[in-house]
A.B. asks: 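Can you read through this structure? Questions will come right after.
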Amino acid sequence: MLTIVRIHNELLGTYGDRGNADVLAFRAKAAGVTSTILDISYRDPMPESGDIYLLGGAEDAAQALSLAALKRDGVLSRIAATDSVLLAICAGFQIIGTTFVNGENEVVEGLGLLDVSTVPGKSRCVGDVKIFSDLLGIELTGFENHGGVTTIGSSAKAFGKVIVGRGNGDGAHDGAVSGNVFGTYLHGPVLARNPEFADFLLARATGMKIANVTDPLADEYAVWRRSVTK
Ligand code: GLN
């Protein structure tokens, strides 16, 4: 049984990233893997037994509340040292970095699971994004909506090179990755836009080759999005 943990959707639900959990469960089932989605609110204890943990995007105030709850229970910091997979989108990506600047213009410490830091940019990054991911060897699309500009430190790698849009804010790179910890600015939800990424994460989490999922509509949608994002 694969356990997918959807974290703080009441705080990190602004951009619909909750759909990432549904895509993972749908494709896991199609690959013959049973799964369950655990919705963990900021008041709930965080399970340690999850296989895939998901954080979404949010406005600044909600982002601060989520970070406070995650620091209180400390579980995400422990799971990042295991084989569990963590996918963090936008505000979630900033939360798991070393520092970011909050809505009050203060520098706050993140969870430090990815060597990235975020400061306010000169203008908000809003619109369609296309990146090339070396890790997956394909283009991925999504949309972005963030004020933060993120710099990658020496112990993390970019998740992708930007083809269209701003990504981390510099227009060169998007996201970051270290082991099984993934951060990206791509909403969409990113796993609905890019089913290959969902299968990649499922493979990482299960240790199985996930290559037998048939979902022509999702494939067609991904291809179409890549062709029109320019
Ligand atoms: N509040 C953060 C920013 O604007 C993250 C936004 C988001 O998650 N879309 O940079």
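Quick note: numbers below take in every heavy atom, side chains included, and nothing from hydrogens, waters or symmetry partners. Order of appearance sets the numbers: ligands from 1, and atoms from 1 within every ligand. These numbers come from a predicted model, not from an experiment. This chain uses plain numbering: 1 for the first residue, then up along the sequence.
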A.B. asks: Is there a polar contact between ligand 1 and A58, counting only N or O atoms under 3.5 Å apart?
C.D. replies: yes
A.B. asks: Quick one about T151 and S117 (side-chain donor to acceptor, distance below 3.5 Å, no hydrogens or angles considered), yes or no?
C.D. replies: no
A.B. asks: Relative to ligand 1, is N145 under 4.0 angstrom through side chain, backbone, both or neither, heavy atoms considered?
C.D. replies: backbone
A.B. asks: Distance alone, cut at 3.5 Å: any donor-acceptor contact between the side chains of R6 and N20?
C.D. replies: no
A.B. asks: Within ligand 1, which atoms have a heavy atom of H187 less than 4.0 Å away?
C.D. replies: 9 (N)
A.B. asks: More than 12 non-hydrogen atoms from neighbouring residues, nucleotides or ligands closer than 6.0 Å to CD on E10, yes or no?
C.D. replies: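 Atom CD in E10 is packed in, count exceeds 12.
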A.B. asks: Inspect the contact between R166 and E144 and indicate whether a charged nitrogen and a carboxylate oxygen are less than 4.0 angstrom apart.
C.D. replies: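 Answer for the salt bridge query: no.
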A.B. asks: Within ligand 1, which atoms have a heavy atom of A91 less than 4.0 Å away?
C.D. replies: 5 (C), 7 (C), 8 (O)
A.B. asks: Closest non-hydrogen protein atom to atom 1 (N) of ligand 1, residue and atom name please, with distance?
C.D. replies: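 Result for atom 1 (N) of ligand 1: D60 OD1, 2.5 Å.
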A.B. asks: E106: what forms a side-chain contact (heavy atoms from CB on, under 4.5 Å) with it, not counting sequence neighbours?
C.D. replies: N102, E104
A.B. asks: For atom 7 (C) of ligand 1, what's the nearest protein heavy atom and its distance?
C.D. replies: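 So the nearest neighbour among protein heavy atoms is C90 SG, 2.7 Å.
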A.B. asks: Has D83 got more than 12 heavy atoms of other residues, nucleotides or ligands less than 6.0 Å from its CG?
C.D. replies: no
A.B. asks: Answer yes or no: are there more than 12 heavy-atom neighbours, outside F200 itself, under 6.0 Å from its atom CZ?
C.D. replies: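 More than 12 heavy atoms, drawn from other residues, nucleotides or ligands, come within 6.0 Å of this atom.
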A.B. asks: Tell me the nearest of Q63, H146, E144, R124 to atom 2 (C) of ligand 1, using heavy-atom distances.
C.D. replies: Q63
A.B. asks: Under a 4.0 angstrom heavy-atom cut-off, which atoms of ligand 1 come close to G57?
C.D. replies: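 Those atoms are 8 (O).
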A.B. asks: Hey, which atoms in ligand 1 end up nearer than 4.0 Å to a heavy atom of G148?
C.D. replies: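 Checking each atom against G148, I get 3 (C), 10 (O).
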A.B. asks: Return the orientation label for the Y15 and H187 ring planes: parallel under 30°, perpendicular over 60°, tilted otherwise.
C.D. replies: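 If you compare the ring of Y15 with that of H187, the planes turn out parallel.
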A.B. asks: Could you list which atoms of ligand 1 come closer than 4.0 Å to a heavy atom of G147?
C.D. replies: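 Heavy-atom distances to G147 below 4.0 Å select 3 (C), 4 (O), 10 (O).
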A.B. asks: For ligand 1, does Y185 get within less than 4.0 Å through its side chain, its backbone, both, or neither, judged by non-hydrogen atoms?
C.D. replies: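 Neither part.
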